[in-house]
Amino acid sequence: MAHLIDTHTHLFVEEFDGDRELALIRAREAGVTRLFMPNIDDASVEQMLALCDEHEGCYPMIGLHPTSVDADWKIRLERVERWLHSDRRFYGIGEVGLDLYWDKTYLKEQVEVLHRQIEWALTYGLPLVIHCRAACSELLEVLSRYDKKSLTGIFHSFTGTEEEGLRLLDYPGFMLGINGVVTFKKSTLPAVLASSVPLERLVLETDSPYLAPVPYRGKRNESAFIVKVAERLSEIYGVPMAGIASVTSANALKVFKIY
């Protein structure tokens, strides 16, 4: 069985309250050996850490999600930062980024919060897990203020164009996170990957409970379903499943500095 790594799951959220343990068992049975969990906001840290404390192979991150940036962002960011400075170990700064899909009201604040969290990553030598939705140009503007070689991480849920992909790949310490979107019938992502993104720059993710792959689309996603993402990449790159698992898992461990 291929050993897979889910670099992005929110297994600690309420959607899993009814069968969280079973979801973990199904993930293990599917060959998922490690699960990396990006934080969401100041209210989600404790349940995320509790889950990671109870289960081997679960790795927490710390960060404030861009859609959690609101009128109280300073207080919320300060609470999250306190955890960063605690004696807890975090494997990345995430989930951070910019999201202008629904609302641009707090764009200025989202940019400020992202800058602060990038500084955290640089200070602590941690990778960034970056969320970007309808904000690629704005994200690249933020990142342009930093040395490309100093930053590492994952551009989470990449679904962009070939041009966007090439601009993101210009950051040598970053991987592109690929999830269930690559299996969607009308997705342009397979063509973009095949034409311009080497497998050596990809990691697998689910973003569960969201973005379930075909044939589970529309249902709650979970880490076990990452097999469908790997199978689609196997088709796109013409590489056996074992090869997809080996390369993407090595990429993930490199990003999170687990040797």
Side-chain angles (χ1 to χ4, degrees), residues 2-9 30-32 34-36 38 92 94-95 97-99 101 127-137 139-140 143 148 151-208 210-218 221-256:
H3 293 290
L4 304 168
I5 293 178
D6 187 351
T7 62
H8 199 115
T9 173
V32 182
R34 301 177 193 258
L35 295 83
F36 289 85
E95 180 174 354
L98 299 175
D99 192 316
Y101 185 77
L128 290 154
V129 172
I130 297 180
H131 169 111
C132 179
R133 194 176 188 195
C136 189
S137 60
L139 173 64
L140 289 168
L143 295 179
K148 288 182 178 179
L151 301 175
T152 65
I154 297 170
F155 291 114
H156 153 61
S157 192
F158 174 71
T159 57
T161 64
E162 181 176 344
E163 179 184 359
E164 289 170 340
L166 290 173
R167 294 188 71 183
L168 295 176
L169 290 176
D170 203 30
Y171 288 82
F174 274 81
M175 303 289 174
L176 303 185
I178 305 300
N179 54 40
V181 173
V182 77
T183 70
F184 295 175
K185 185 176 181 180
K186 295 183 179 180
S187 174
T188 59
L189 186 55
V192 171
L193 295 178
S195 66
S196 59
V197 181
L199 179 61
E200 289 71 23
R201 296 298 298 277
L202 300 184
V203 294
L204 303 179
E205 60 173 49
T206 57
D207 199 19
S208 55
Y210 316 108
L211 299 177
V214 174
Y216 309 108
R217 190 176 183 183
N221 199 7
E222 60 181 75
S223 292
F225 297 168
I226 206 168
V227 172
K228 296 301 179 183
V229 179
E231 288 175 352
R232 187 69 183 97
L233 290 181
S234 177
E235 296 170 356
I236 293 168
Y237 287 98
V239 174
M241 275 286 287
I244 297 294
S246 176
V247 173
T248 58
S249 294
N251 292 344
L253 295 177
K254 178 181 178 181
V255 166
F256 291 111

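Shown here for Gly153 and Pro127, the closest heavy-atom pair between the two residues is CA-CB, 3.8 Å. Summarising the geometry of Leu233 relative to Val182, their closest heavy-atom pair is CD2-CG2, 4.5 Å, with the distance given to 0.1 Å.
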Before you tell me yes or no, could you show the steps for Phe155 and Val129 under side chain to side chain contact (heavy atoms under 4.5 Å, CB included), namely the whole-Å CA-CA distance, both residues' side-chain angles and the distance that decides it to 0.1 Å?
CA-CA 6 Å; Phe155 291 114; Val129 172; over 6 Å; no
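Scored by the salt bridge (Lys or Arg N to Asp or Glu O under 4.0 Å) test, Lys254 finds no partners at all (sequence neighbours excluded). For the ring pair (Phe, Tyr, Trp, His ring centres under 6.0 Å) test, residues two or more places apart in sequence or in another chain that qualify with Tyr216 are Phe225. A search for ring pair (Phe, Tyr, Trp, His ring centres under 6.0 Å) contacts involving Phe158 returns nothing, not counting sequence neighbours. Partners of Thr206 according to the side chain to side chain donor-acceptor pair (under 3.5 Å) rule, which considers only residues two or more places apart in sequence or in another chain, are Asp6, Ser208. Every salt bridge (Lys or Arg N to Asp or Glu O under 4.0 Å) that Glu235 has, sequence neighbours left out, goes to Arg232. In this view, Ala224 and Arg26, Ala30, Glu222 satisfy the side-chain contact (heavy atoms from CB on, under 4.5 Å) rule, not counting sequence neighbours. Under the side chain to side chain donor-acceptor pair (under 3.5 Å) criterion, Arg133 pairs with no residue at all, not counting sequence neighbours. Residues meeting the side-chain contact (heavy atoms from CB on, under 4.5 Å) test with Pro198, sequence neighbours left out: Leu169, Glu200, Arg201. Applying the ring pair (Phe, Tyr, Trp, His ring centres under 6.0 Å) criterion to Tyr237, with sequence neighbours excluded, gives no partner residue. Checked against salt bridge (Lys or Arg N to Asp or Glu O under 4.0 Å), Glu163 has no partners two or more places apart in sequence or in another chain.
Counting only residues at least two apart or on different chains, no side chain to side chain donor-acceptor pair (under 3.5 Å) pair has a member in residues 241-251. Screening residues 170-184 for side chain to side chain donor-acceptor pair (under 3.5 Å) gives Lys148-Asp170, Ser157-Asn179, Asn179-Glu205 as the qualifying pairs, with residues at least two apart or on separate chains.
For the pair Thr152 (side chain) and Phe174 (backbone), a donor-acceptor distance under 3.5 Å is absent.
Using a 4.5 Å heavy-atom cutoff, the side chains of Leu202 and Val197 are in contact. Side-chain contact check for Leu140 versus Arg167: some heavy-atom pair is nearer than 4.5 Å.
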